Amino acid sequence: MRASQLFFPTLREVPAEAEMISHKLLLRAGFIRRVGAGIYDYLPLGYKVLKKIEKIAREEMDAQGGQELLMPALLPAELYQETGRWGLDVLFRIKDRYDRDYLLGFTHEEVITDIVRRDVRSYRELPLNLYQIQTKERDEPRPRGGVVRGREFIMLDSYTFDRNWEDLDRAYERMYVAFSRTFARCGLDTLVVEADSGAIGGKDSQEYMVIADSGEDTVLLCAECGYAANAEKCEIGRIDVKKSEQELHALELVDTPDARTIEQVTSFLKKSPKKLVKTLIYQAEDEVVAVLVRGDRELNEAKLMRALGGKDIEMAEADVIEKLTGAEVGFAGPIGLNGARIIADHEVEGMSNFVVGGNKTDAHYINANIGRDFGIDEYADLRVASKGDACPKCNGILREHRGMEVGHIFKLGTIYSEGMGAKFLDDDGKEKSFIMGCYGMGISRMLAAIPEVNSDSDGMIWPISVAPFEVAVILLNSGDEAQCGAAIRLYEELQQAGVDVLLDERDERPGVKFKDADLIGCPIQVVAGRLAGEGKVELRTRASKDKEEVALDDATQRILELRRELYSRLEDKAQEVVFAKKG
RNA sequence: CGGGGCGUAGCGCAGCUUGGUUAGCGCGCCAGUUUUGGGAACUGGAGGUCGAGAGUUCAAAUCUCUCCGCCCCGACCA
C-alpha cells in the first residue's frame with residue numbers, strides 16, 4: 001500500500017472526547033472515528049488490525065475443533081422470551097412494520113441453542129463447538145473509552161455442547177487453550193481470574209484480564225499462590241478472628257440528627273468508618289434480612305445471595321425498612337430489631353465498641369457489642385474483597401490491580417438447554433439436556449487493549465502479528481533519485497516476499513512522515529534517506545527505537561529476519577502460556 | 001438513573017459574566033514561491049444554521065425557558 005493512496009486521517013491534536021490513552025491514539029492515528037455515543041467507524045487502518053486479530057482468533061478456534069458459523073444480528077423476541085431474557089435492559093428492542101417485537105443480538109445463547117435443539121438428536125453428533133465473529137449490540141448504560149466499551153462492538157462468541165460434565169471440562173480446556181494462545185499471539189499478557197458469571201448464569205467462569213490502570217474491573221491477586229479473582233467474585237480467606245481485647249464500654253444511644261450515610265455519621269461522631277457497622281435491609285423473596293458489614297466495606301450482593309441459598313435479593317423498599325426499624329431509612333441497626341434474620345460479615349465478629357443505627361430516627365448507638373447488646377444469627381463471607389484481605393486458598397495477602405476484560409469463558413451447564421428443551425438421546429437410551437459452555441472474546445475491545453498497554457509518547461506500538469502494516473518504508477525525499485529508487489526497490493522486494501508493507505512516498509516533509517509512522521506504530525520502519533546515495537538504508541524497530549544501517553542489497557533479507565524473529569517471540573509466548581497452564 | 005461539565009469552521013479553543021460593527025485565534029485544508037532527517041516559512045484564499053426551538057429586546061453566540069447531543073464520576077455491566 002502506498003501512503004498517498006491510503007485513507008488515514010491523522011490528527012495532531014487530541015480530540016476532547018478521549019480520556020484513555022488507547023482511545024486518544026486510535027483517534028489521532030485515524031483508526032477509528034466516533035459516530036454516536038459508543039458507536040464507532042473502523043477506518044481502514046483500524047479495520048485492518050481488527051481483521052488480523054480475527055484471523056488469529058479463527059486459526060486458534062479452528063485448531064481446537066471450533067466450527068465457524070454466522071447467526072443473525074436481528075432476532076425475533078420469542079427466543080429470548082423463552083428464557084426470560086427479553087426483559088434485560090441492555091437489549092435494544094425494535095418493532096417491525098406489523099408491530100412485531102425484535103431485538104438486536106447482544107449474545108446468542110438462545111439462538112445457538114435453538115439451532116442445536118432443531119438438528120442435533122444423538123450423542124453421536126457430540127461434542128460440538130460452534131462459534132461466530134459478529135457485531136453485538138448492547139444498550140450500555142455508560143459507554144466509555146472509545147472502543148473499550150461500545151454499544152456496538154465486535155465479539156467472538158463460541159458455544160460448546162457436550163453429553164456430560166467431563167466432556168464439558170475437556171471442551172472448556174480446549175477453549176482455554178484457544179483463548180490463551182490468541183491473546184498471546186496478539187501480544188497481550190493476560191491474567192486469568194475467577195469471575196462471577198452474572199446474567200449469563202452458570203457454574204464456573206473465568207475472565208481474561210489485561211492488567212492496566214485504566215481498566216474498569218478490579219482484580220485481586222495473591223502473590224503467594226497465584227489465586228486471582230475479579231473483585232465481584234473474590235472470596236475472602238478466614239483469618240482467625242481475634243476478639244478485641246478492649247474493655248467493653250456502656251452502650252449509649254446518641255443523637256445524630258440527619259446523619260444517614262456512613263460519611264455523615266462518621267463526620268458527626270468523629271469516628272472512623274472502621275468503627276461503624278452498617279446495617280442493610282434486604283428483601284430476600286419472602287424474608288427480610290438485616291445484613292451487617294463494617295462501615296468502610298461494600299456488600300457483595302452475589303455473596304449474600306449465595307449465603308441465603310440462592311434467593312433473589314434486592315434492597316428493601318423504604319416502607320419495609322420503616323416498618324421493621326420504626327425509623328426513617330438511614331438509622332437501621334441490629335439492636336432491638338425484631339422480625340428480620342441478622343446475618344453478618346465475618347469481619348464484624350472481631351469488632352467491639354462500634355457504632356450502629358439506633359432504629360430511631362436521628363439516633364445511633366455507640367459502644368455496641370455483639371452478644372451483650374444483640375445476637376447474630378449467622379456469619380458469612382459477605383463483603384467485596386479488597387487489597388489486604390486474606391487469600392481464600394492460602395491465606396496470603398491479596399493485592400489489587402485494575403484489569404480490562406478481553407475474554408470470558410463459562411461452564412454454562414444446562415441452564416439454556418433445559419430452559420429451551422434442547423435434548424439429545426444418550427447411549428443409554430435416555431433423553432438428556434446438552435451440557436453447554438460459552439466463551440466470549442472482545443475482538444474490538446482488543447483493538448484498544450493492545451495499544452492501551454503498548455504505546456509511548458510518540459504513539460502506538462503494535463505487535464507484528466496485528467500491526468496495520470508489518471513494515472513501513474519511509475521515503476524521505478521523493479525528489480531524490482537514489483532515495484526514490486531504494487524505497488521502491490525495497491517496497492517491491494518486500495511485497496514479493498509476502499510482507500505487508502506500507503510505502504510512505506507522500507509529498508510531505510520528513511518530520512511529518514516520521515511522526516505519522518510512529519503514531520501508527522508499525523513494528524519495523526525502513527528509512528530511505530541520505531544514506532541511499534551510498535547504497536544504504538536505515539532500519540528501525542518501533543518498540544526499541546534501535547537503528548541500524550544496512551546495505552540496500554541486504555535490506556530485504558535483514559527485514560525478513562527481523563520479522564521472523566518478532567513472530568517467533570509471539571509464538572514462544574503462546575506456547576509458554578499454554579504450558580504454564582498444564583504445568 | 002444520580003452528580004459534574006461541555007456544545008462556536010475538520011481538530012483544539014477564545015468570545016458569553018457586563019447584549020451592540022462584518023464572530024475571532026492556533027492547527028489542518030486549497031493555490032503559489034522557497035524548503036526537505038523529527039509535525040517548515042512567507043503570500044493569498046476557502047470554510048460557520050455559534051447544538052435545536054421558543055421567548056425577552058430596537059438589537060442575542062451572549063439573557064430566560066424547553067428540548068437534543070456529547071464527555072467525565074458514580075450506579076449498572078453477556
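Only heavy atoms go into these numbers, but all of them, side chains included; no hydrogens, no water, no symmetry mates. Computed from a predicted model, the values in this text were never measured in an experiment. Here is how names work: the chains are called A, B, and so on, in the same order as the sequence lines, proteins then strands, and each is numbered from 1.
A donor-acceptor contact under 3.5 angstrom links the side chains of A:S158 and A:N129, judged on distance only. A donor atom on one side chain and an acceptor atom on the other are found under 3.5 Å apart for A:Q132 and A:D157.
Environment of NZ in A:K545: crowded, with over 12 heavy atoms of neighbouring residues, nucleotides or ligands closer than 6.0 Å. The number of heavy atoms from other shown groups lying within 6.0 Å of CZ (A:F268) is above 12. The number of heavy-atom neighbours closer than 6.0 Å to CD of A:E68, taken from other residues, nucleotides and ligands shown, is above 12.
Rounded to an integer number of Å, the gap from A:R142 CZ to B:rC70 P is 14 Å. When the C1' atom of B:rC77 is taken as reference, atom CG of A:N230 falls 11 Å away, rounded to whole Å. Taking atom CZ of A:R402 as the reference point, atom C1' of B:rC73 lies 12 Å away to the nearest angstrom. Computed from coordinates, the A:E19 CD to B:rG5 P distance equals 16 Å when rounded to whole Å. In this structure, CD of A:E301 is placed 8 Å from P of B:rC77, rounded to the nearest angstrom. What separates CG of A:D518 from P of B:rG39 is a distance of 12 Å, to the nearest Å. A:L25 has its CG atom 19 Å from the P atom of B:rG39, to the nearest Å. Rounded to whole Å, the distance from CZ on A:F410 to C1' on B:rC77 is 11 Å.
Using a 4.0 Å heavy-atom criterion, one finds that A:D480 contacts no nucleic acid atom at all. Contacts of A:R33 with the nucleic acid, taken as non-hydrogen atoms under 4.0 Å apart, are absent. Contacts of A:Y439 with the nucleic acid, taken as non-hydrogen atoms under 4.0 Å apart, are absent. Residue contacts shown for A:E538 include a base, since a base heavy atom lies under 4.0 Å away. Within 4.0 Å of A:R34, counting heavy atoms only, lie sugar-phosphate atoms of the nucleic acid but no base atom. Within 4.0 Å of A:D89, counting heavy atoms only, lies no atom of the nucleic acid at all.
Nucleotide B:rG2 forms a Watson-Crick or G-U wobble pair with B:rC73, both donor-acceptor distances falling under 3.5 Å. Base pairing of B:rG44: its partner is B:rC30, meeting the Watson-Crick or G-U wobble criterion (both donor-acceptor distances under 3.5 Å). B:rC25 is paired with B:rG12 under the Watson-Crick or G-U wobble criterion, all donor-acceptor distances under 3.5 Å. Base pairing analysis places B:rG7 opposite B:rC68; the two distances defining the Watson-Crick or G-U wobble pair are each below 3.5 Å. Pair check for B:rU62 finds none; no Watson-Crick or G-U wobble contact set falls under 3.5 Å. Across all strands shown, nothing is found opposite B:rG39 as a Watson-Crick or G-U wobble partner with both distances under 3.5 Å. Judged by Watson-Crick or G-U wobble contacts below 3.5 Å, the nucleotide B:rC50 has no partner.
The aromatic rings of A:F410 and A:H408 lie parallel to each other, with less than 30° between the two planes, well short of the 60° mark. Using a 30° and 60° split on the angle between ring planes, A:Y40 and A:H23 fall in the perpendicular class, above 60°. Using cut-offs of 30° and 60° on the angle between ring planes, the pair A:F161 and A:F434 is perpendicular.
Using a cut-off of 4.0 Å between Lys/Arg side-chain N and Asp/Glu carboxylate O, A:E452 and A:R402 are scored as not salt-bridged.
Here the separation of B:rG47 from B:rG26, taken at their C1' atoms, is 16 Å to the nearest Å. Between B:rU18 and B:rU66, the distance separating the two C1' atoms is 26 Å to the nearest Å. Nucleotides B:rU17 and B:rG10 are separated by 31 Å at their C1' atoms, to the nearest Å. To the nearest whole angstrom, the two C1' atoms, one in B:rU21 and one in B:rU62, are 16 Å apart.
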Please produce a list of atom pairs where a protein N or O lies less than 3.5 Å from an N or O of nucleotides 7-14 of chain B.
from   : atom 1 : to    : atom 2 : distance (Å)
B:rC11 : O2     : A:E13 : OE1    : 3.3
B:rG12 : OP1    : A:A16 : N      : 2.6

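If you check distances only, the side chain of A:D516 does reach the base of B:rG39 with a donor-acceptor pair under 3.5 Å. Counting distance only, with no hydrogens placed and no angle test, the side-chain atoms of A:R144 and the base atoms of B:rC71 include no donor-acceptor pair under 3.5 Å.
Taking only side-chain atoms of A:P510, from C-beta outward, the nucleotide of B:rG37, B:rA75, B:rG39 with the closest atom is B:rG37. With B:rC27, B:rC77, B:rU36 as the choices, the nucleotide that has an atom nearest any side-chain atom of A:R149 turns out to be B:rC77.
Note on A:R12: every side-chain N or O is 4.0 Å or more away from OP1 and OP2 of B:rC27. Close to B:rA40, at under 4.0 Å from its OP1 or OP2, lies a side-chain N or O of A:R509.
With RNA chain B read from its 5' end, the first of the two nearest nucleotides for A:K515 and A:F153 is the one closest to A:K515.
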Mind running salt bridge (charged side-chain N to carboxylate O under 4.0 Å, His left out) on A:R144 and A:E19 for me, showing each step along the way? CA-CA 9 Å; A:R144 70 187 95 168; A:E19 192 84 359; over 6 Å; no

